[in-house]
Structures are given as C-alpha cells and as structure tokens.
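Contents: one structure, followed by commentary.
Residue numbers begin at 1 in each chain, while the letters A, B, ... track the order of the sequences.
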Amino acid sequence: MIITRRTFVKAAAASGAALVLPGTAPGATPAPVMRAVPSSGEMLPAVGLGTWITFNVGDDPVLRDECAEVIAAFFAAGGRMIDSSPMYGSSQPVIGYGLEKLGRPEALFSAEKVWTSSAADGPAQIEQSHRFWGVPRFDLVQVHNLVGWEAHLETLFAMKADGRIRYVGITTSEGRRHDLFEQVMRAHPLDFVQLTYNIVDREAEERLLPLAAERGIAVIVNRPFQQGALTRQLQGEALPDWAAEIGAGTWAQVILKFIVSHPSVTVAIPATTRVDHVRENVMAATGALPDAAMRERMAAYVRNL
Amino acid sequence: MLEWWTYRLEDFLLFSPRVYWRMFELANAAFWPVHLLTLAAGLALVLLVLRRAHRHSLWVALVLAALFAFVGWSFLWSRYAVINWAIAYVAPAFGLQALLLLAIGGAQGGLAFDRQDIAGRLGLLLIAVGLVVYPLLPPLFGRPWVSAEVFGIAPDPTAIAALGVLLAASGGLVPLLFPIPLLWLLLSGLTLHVMGDPQAWLPLLAAGTTVAVLALRRIAR
C-alpha cells in the first residue's frame, strides 16, 4: 500500500493510537528529540520550521491566518526554532503576525539572517527584521549565503558581545561555496551553520558535518525535502518495511529521520503551509531514530529507486 | 560575491502559485467595478485606432499612460512587490512607460494610426487578446473566475493590448515604447514557466509575435 503524507496524517488522527509512541502516555503528544547547541548546551527540538516560499503570502488575510495556524500547530507539537530571512519576501511580517496572534509564545527560538552586500546596511536590516517579527532581539542571526560575510560577522560578533543576539551563524544552500564555508567555519567562533543536507544531497557529510562536530558548531539543515521535489518524487513509491522499524509513517518522516539522526545535525527546518504536515514533521523527531547501519540502508534504498 | 551561475531560474521564485493567483483575486475584489471602466477604456482605444484620425492619437496615449501608471502603482508596487522584492525595481518602469507615452503621444506626429498593413491587423488581434481572451482564461486553466486578469488592472493583458496599439501606430519615436511592455511579458512568461503554469506560453507568444512583426517590418523597409 502506498501511504501519502495526507493519508498517514488522517489515519493517525483517526486512530489516535498511531500518534502514541512507546513510552508515551496515551493521549499525550510525544516530545521531539532534543539536541544541544554545542557552544551553550541549550537544548533545542531537532525539527524547526522554515519559511522560504511558504510564508511569503504578502498581505493576503486568509493566507496569513493559515500561516498563523501552522505556527500554532508547530509550537503545540513542541517545536521552537523558526527560521527566516530578509530575502524571503513577506515571510518576516507574516511570522510577526502569527506570533502576535499567538500571544508571543515563550518557546520561540528566533533564527534570522542578514542579507545585504553592504556592510553599512546590515545593522539597519537586522533592526527592520526585529520590527517585522515584533521581537526585542533575535536568538540567532546568520549571514545569508555568505553575502558580505566578513563585515557582517564583525557586526554580529559585536552584537553578541553586547547581548543583542545570542548566537552567530552563516548559511549556504544546495552545496554552494562549500570551500569558503569551510574556511569561515575554521577561522571564526561560529555558534551555528546552516546548510543543505538530505538523503540524496549528502555532500555535507564529507567535510562540513565532521568539521562542525570538531569545532563545536550547531548545524541547521535547510531544504530537507529539496523544496518538496524529493517528497513528490517519492510519493508514488511504497514505504519499505524498515520504515516501521524507525517509526516513520511517511516518506517525509523517513527523510527527516535520516537527517536528524546524523550526530552532527542539531535542527532540520522543513517548510510547509499545512498544519497536518507541520505536526507530522515535528513527530518525525520523536521515537526511534535510525542508527548508522540503518541510515546507509535508507540512503541505498532511496538511491536505487 | 554571489556565484550567479550556480542558481537556477527556480531559485528566484519566492512565492507559490497559490499566492500568485490569490494576488489577482484580491486585486479584483479591491478594485471592482473599476474593471468596467478599464474595459470601456480598452474598447475606446480600439475605436480610436480604427478611426485613424490624427487628433485622437493624444487620447490613445493618455489612456494608455493612465493605465500603465495605475497598474504599476496598484498591482506591481502595492501588491506584487510585497511578495517579490525584485518587482520593486520593475514597477517604476511602468511609470516610465506612462511618461514616455505622454511625451511621445503629445509630440507633433509622435503617434499616428494610419497603418493598413498586416502589422496593424496583428496589433488589433493582440488588443483583442488583452481585452477579451485574458479575462476568459481562468476556467481553461482550472482557476476561479475571481482570479481573472483584466486589462487595466493586471499587467499582462495591459502590456499585450498596449503592444497591439503600438503595432498599429507609426511615428519616429514609437520604437521607444516597445521595450518596457516586451521586457515585462518576458519576465512574466518566465515567472509562469518556473511556476509550472501552462499559461506561460501566452505572454511569451505575444512578445515573440510583436518582435517578429517589428523585425519583418524592418526587413521590408
């Protein structure tokens, strides 16, 4: 039988029992696996919420409310990290709208970026992002795709020293500029890096993930589903028998479990417009996670499809 | 420095198809019944072009200029630029097109509708596409009627009908009026293509037809 995300979530909701994992009291929402930020020891749930494309809904009141519902479901499921960027169109004010509507949840871990080639414009852009989110300070600010990274890192480390942000990071996506990324990771005391990693895009395993572990840098994984292309591609394929062994009910959960089970990964940030998917995503970080042997089996299976 | 060559066209798409088409729904809801006025203005353009009277040229330019300015402000700047920051750089081009239309339309002999060649007839066809065909597209592509793109409200039918008017016009400075609507249709067609929307071929075909007619006219000279 082919199980899609939709049928899985419906079946799970209908039975109730499917949502209960071993060691969880009946009716209780299982808590997601927590991962430590190496530089502080702070614990974060291993699945966060990305906002690329999905939260860029402009001033559309209906779609803004839908995004607020996604945020509400994310927090209700135990999620904490929401990630955005000035590059993501209207995503920042849409997050702000959702947070305001929810009464500013204390669980929020805000991850933002600075994205401008002008060093002088960086602080003003971060200030503007504060206003959009409606938060007094961000937990994490990252240099988006290494644009203007030298000057921005100087600004961000100064902000961290002043207590205006808690963590500093850099980002890349889809394998771009890994050589430079590695150099920056080696040369600067970063708290976080953000990169693309999933069951088919595994380049980060070679150098960046081991380096993150060696340097004590937390890793945020973006584009876990290749912007939906991976889950669409796998949608027509039956789930293998071993999926049940790791507690995965859908391909999306298989992919997320593969990602968050890498020992260097701190948080994966799938993006979605749907409440059922955000619950399913956070649930992927609950219960059993694959060991190294199972991970290789999973990757080989997907590679051979 | 960004390594631009590592980016695909899809990487520049910041929004989903649903959000894109909801923009038209919201614009239609916000401006109804201005649509009746813009469509009436479009019909007036057709009549003025068909009458080929020199004294009407300024009116054609004024109507088109007003519509470009309105679409540039109300749709591109106020709505589209909110979900696509790149449009903030494109919207002023619609304002520039309005100024060019006013300047060229107001100049002595700037715009004349005296063509009786194939280009003029193709121009009328493009005007018909912008005025009549575009509002009828939603059900063909599985969208609700409320997402219809209407001349004078949405940029694509406005640009296509404007190209039709310009193909029917003659005047030494008329070529200056083609680049902005042509580039817009190229951008819009590519955006729809990246969205995987089958309607993408329409703005690209309109732009391609215009370029082909201009090239043939140049060869024929």
Report task. Starting from the C-alpha separation in whole Å, work towards a yes-or-no answer on side chain to side chain contact (heavy atoms under 4.5 Å, CB included) for Met87(A) and Leu14(B). Result -> CA-CA 9 Å; Met87(A) 189 225 177; Leu14(B) 306 177; 4.3 Å; yes

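- To the nearest 0.5 Å, atoms OG1 (Thr273(A)) and CZ (Arg18(B)) are separated by 7.0 Å.
- Note that CG of Asp60(A) is 9.0 Å distant from CZ of Arg79(B), once rounded to the nearest 0.5 Å.
- Residue contact with chain B, scored on non-hydrogen atoms closer than 4.5 Å, involves the side chain of Trp52(A) exclusively.
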Requested in this report: Check the pair Arg176(A) / Asp11(B) against salt bridge (charged side-chain N to carboxylate O under 4.0 Å, His left out), numbers first and verdict last.
Outcome: CA-CA 13 Å; Arg176(A) 292 187 187 94; Asp11(B) 295 325; 3.0 Å; yes

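- Heavy-atom neighbours of His188(A) NE2 from other residues, nucleotides or ligands within 6.0 Å: above the threshold of 12.
- Within the 4.5 angstrom heavy-atom criterion, only side-chain atoms of Leu26(B), from C-beta onward, approach chain A.
- Shortest non-hydrogen contact noted between Gly58(A) and Val82(B) is CA-CG1, 3.6 Å.
- Among the candidates Thr54(A), Val62(A), Val94(A), the residue making the largest number of heavy-atom pairs closer than 4.5 Å to chain B is Val62(A).
- Within a 6.0 Å radius of CD in Glu182(A), more than 12 heavy atoms belonging to other residues, nucleotides or ligands are found.
- Residue-environment remark: CH2 (Trp201(B)) stays at or below the threshold of 12 foreign heavy atoms within 6.0 Å.
- With a 4.5 Å cut-off on non-hydrogen atoms, Ser117(A) does not touch chain B at all.
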